Engineer: 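Please see the structure below; I have some questions.
Note that the structure is predicted; figures quoted are calculated from it, not measured. Quick note on labels: first sequence line is chain A, next is B, and so on, each numbered from 1.
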2 protein chains.
Amino acid sequence: MMVSLAEIRETSGEVFTDGCPTRVVLDHIMSKWGVLVLLALTDGTRRWGELRREVDGISEKMLASTLRTLEADGIVSRTSYPEVPPRVEYALTELGRELMEHMLPLVQWVAVRADGIVREG
Amino acid sequence: MMVSLAEIRETSGEVFTDGCPTRVVLDHIMSKWGVLVLLALTDGTRRWGELRREVDGISEKMLASTLRTLEADGIVSRTSYPEVPPRVEYALTELGRELMEHMLPLVQWVAVRADGIVREG
DNA sequence: CTGCATCCAATCTGATACTG
DNA sequence: CAGTATCAGATTGGATGCAG
């Protein structure tokens with residue numbers, strides 16, 4: 001194993017503490033919709049409507065909420081163009097791209113194994 | 001970037017489809033408590049009470065629910081010893097250890113960055 | 001000790017309707 | 001197109017109480 005839990009403890013001794021920064025960020029990026037939105041943005045810039053369609057099943061409310069959270073975290077950037085009709089584009093920031101470099105391998109592993117794992121609804 | 005979204009689409013063209021296996025597994029392992037329980041087990045075998053204390057803030061209800069889900073997925077193993085008082089040990093399976101090899105780097109990255117990211121409660 | 005069952009409050013979600 | 005407002009339903013969380 002390349003990275004040990006011990007190393008994580010050294011970096012953030014409070015991964016297991018309720019309300020610590022690590023947990024907060026973890027909750028944002030590993031949330032049900034957070035992962036999928038980030039995944040969609042890994043391909044490149046996306047408009048609101050594109051994300052809505054691409055992330056199957058997400059409600060407008062959750063898309064808005066997820067995007068606002070990730071934007072506040074500095075992981076996603078929002079660019080609004082003063083046009084009619086309105087156009088708003090979302091993209092990963094440098095921090096976001098760095099994050100996805102670490103998340104993609106995990107998601108890919110899951111994608112490969114998922115079919116063999118699933119048994120409950 | 002080592003792994004591309006395109007590669008994930010090739011493996012599982014339905015990462016974005018509601019209810020697909022990849023999403024189901026992703027929800028289990030990346031859930032609020034799932035990540036923390038898996039993290040605790042990365043150190044090695046843990047008893048029920050140890051997990052309860054180590055994963056700060058988790059309720060018995062959620063711990064039981066999380067463990068049952070991960071066990072059903074074949075990621076965590078449960079060993080019950082017929083003693084008095086009872087003793088039950090939880091550990092990562094081979095699949096689980098493989099999973100954590102991919103998840104630890106991500107968690108570590110978050111642990112390093114979290115303090116700089118957090119701004120909302 | 002290791003859980004499961006239940007009740008109740010707090011949150012989170014989602015569908016619908018509506019605004020700029 | 002890009003959201004916000006609202007309300008009802010689903011989930012989650014905590015506190016107990018109890019069983020193996």
Engineer: Side-chain N or O of A:Y90 versus OP1/OP2 of D:dG3: is the shortest distance under 4.0 Å?
Structural biologist: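 Answer yes for this pair, as a side-chain N or O of A:Y90 is under 4.0 Å from OP1 or OP2.
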Engineer: Please report the end-to-end axis angle for the helix from C:dC1-D:dG20 to C:dG20-D:dC1, five pairs per end, rounded to 10 degrees.
Structural biologist: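 If I round to tens, the end axes sit 50° apart.
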Engineer: Does the distance from a Lys or Arg side-chain N to an Asp or Glu carboxylate O, for A:R68 and A:E71, drop under 4.0 Å?
Structural biologist: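 No, this pair does not count.
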Engineer: Is B:D56 reaching over with its side chain to a backbone N or O of A:D18, donor-acceptor style, under 3.5 angstrom?
Structural biologist: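 It does hold such a pair.
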Engineer: Whether the side chain of A:S65 engages the backbone of A:K61 through a donor-acceptor N/O pair (distance < 3.5 Å, no angle test) should be reported.
Structural biologist: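 Between the backbone of A:K61 and the side chain of A:S65 there is no qualifying donor-acceptor contact (under 3.5 Å).
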Engineer: Going 5' to 3' along DNA chain C, between which two nucleotides do contacts with chain A fall, using a heavy-atom cut-off of 4.0 Å?
Structural biologist: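 Using the under 4.0 Å cut-off, the span is C:dT13 to C:dG20.
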Engineer: Let me know the distance between CG of A:D27 and P of D:dT11, rounded to the nearest Å.
Structural biologist: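 Roughly 19 Å, once rounded to whole Å.
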Engineer: What are the two closest heavy atoms between A:I117 and B:D73, and how far apart are they?
Structural biologist: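 That would be CG2-O, 3.4 Å.
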Engineer: Quick one: is D:dA2 close enough that its OP1 or OP2 comes under 4.0 Å of any side-chain N or O from A:R53?
Structural biologist: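 No.
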Engineer: Mind checking B:R47 for me? I need base, sugar-phosphate or nothing, with any heavy atom below 4.0 Å counting as a touch.
Structural biologist: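 Here B:R47 touches the backbone only, sparing every base.
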Engineer: If I take atom CZ in residue A:R87 and atom C1' in nucleotide D:dG3, what distance separates them, rounded to the nearest angstrom?
Structural biologist: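 Computing the A:R87:CZ to D:dG3:C1' distance gives 17 Å.
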Engineer: With a 3.5 Å cut-off and sequence neighbours excluded, list the donor-acceptor pairs that the side chains of residues 30-41 of chain A form with protein atoms.
Structural biologist:
{"unit_1": "A:S31", "atom_1": "OG", "unit_2": "A:H28", "atom_2": "O", "d": "3.1"}
{"unit_1": "A:S31", "atom_1": "OG", "unit_2": "A:G34", "atom_2": "N", "d": "3.0"}

Engineer: Determine the minimum heavy-atom distance between B:H102 and A:W109, stating which atoms define it.
Structural biologist: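 For B:H102 and A:W109, the tightest heavy-atom pair comes out as NE2-CD1, 3.2 Å.
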Engineer: Does A:L95 reach the side chain of A:L99, with side-chain heavy atoms less than 4.5 Å apart?
Structural biologist: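 No; the side chains remain at least 4.5 Å from each other.
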Engineer: Ignoring hydrogens and angles, tell me if any N or O in the side chain of B:T93 forms a donor-acceptor pair with the backbone of B:I75 under 3.5 Å.
Structural biologist: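 It does hold such a pair.
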Engineer: Is the closest basic N to carboxylate O distance between A:R47 and A:E50 below 4.0 Å?
Structural biologist: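 Salt bridge between A:R47 and A:E50, a charged N being under 4.0 Å from a carboxylate O: no.
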Engineer: Who passes salt bridge (charged side-chain N to carboxylate O under 4.0 Å, His left out) against A:R113, sequence neighbours left out?
Structural biologist: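 Per chain and number, A:R113 pairs via salt bridge (charged side-chain N to carboxylate O under 4.0 Å, His left out) with B:E98.
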Engineer: For residues 76-89 of chain A, which side-chain N or O atoms pair as donor and acceptor with protein atoms under 3.5 Å away, sequence neighbours left out?
Structural biologist:
{"unit_1": "A:S77", "atom_1": "OG", "unit_2": "A:A91", "atom_2": "O", "d": "3.4"}
{"unit_1": "A:R78", "atom_1": "NE", "unit_2": "A:Y90", "atom_2": "OH", "d": "3.4"}
{"unit_1": "A:Y81", "atom_1": "OH", "unit_2": "A:E89", "atom_2": "OE1", "d": "3.4"}
{"unit_1": "A:E83", "atom_1": "OE1", "unit_2": "A:R87", "atom_2": "NE", "d": "3.2"}
{"unit_1": "A:E83", "atom_1": "OE2", "unit_2": "A:R87", "atom_2": "NH2", "d": "3.0"}
{"unit_1": "A:R87", "atom_1": "NH1", "unit_2": "A:E89", "atom_2": "OE2", "d": "3.0"}

Engineer: I'd like a list of close polar pairs between nucleotides 14-20 of chain D and the protein, N/O only, cut-off under 3.5 Å.
Structural biologist:
{"unit_1": "D:dG14", "atom_1": "O6", "unit_2": "B:K61", "atom_2": "NZ", "d": "3.4"}

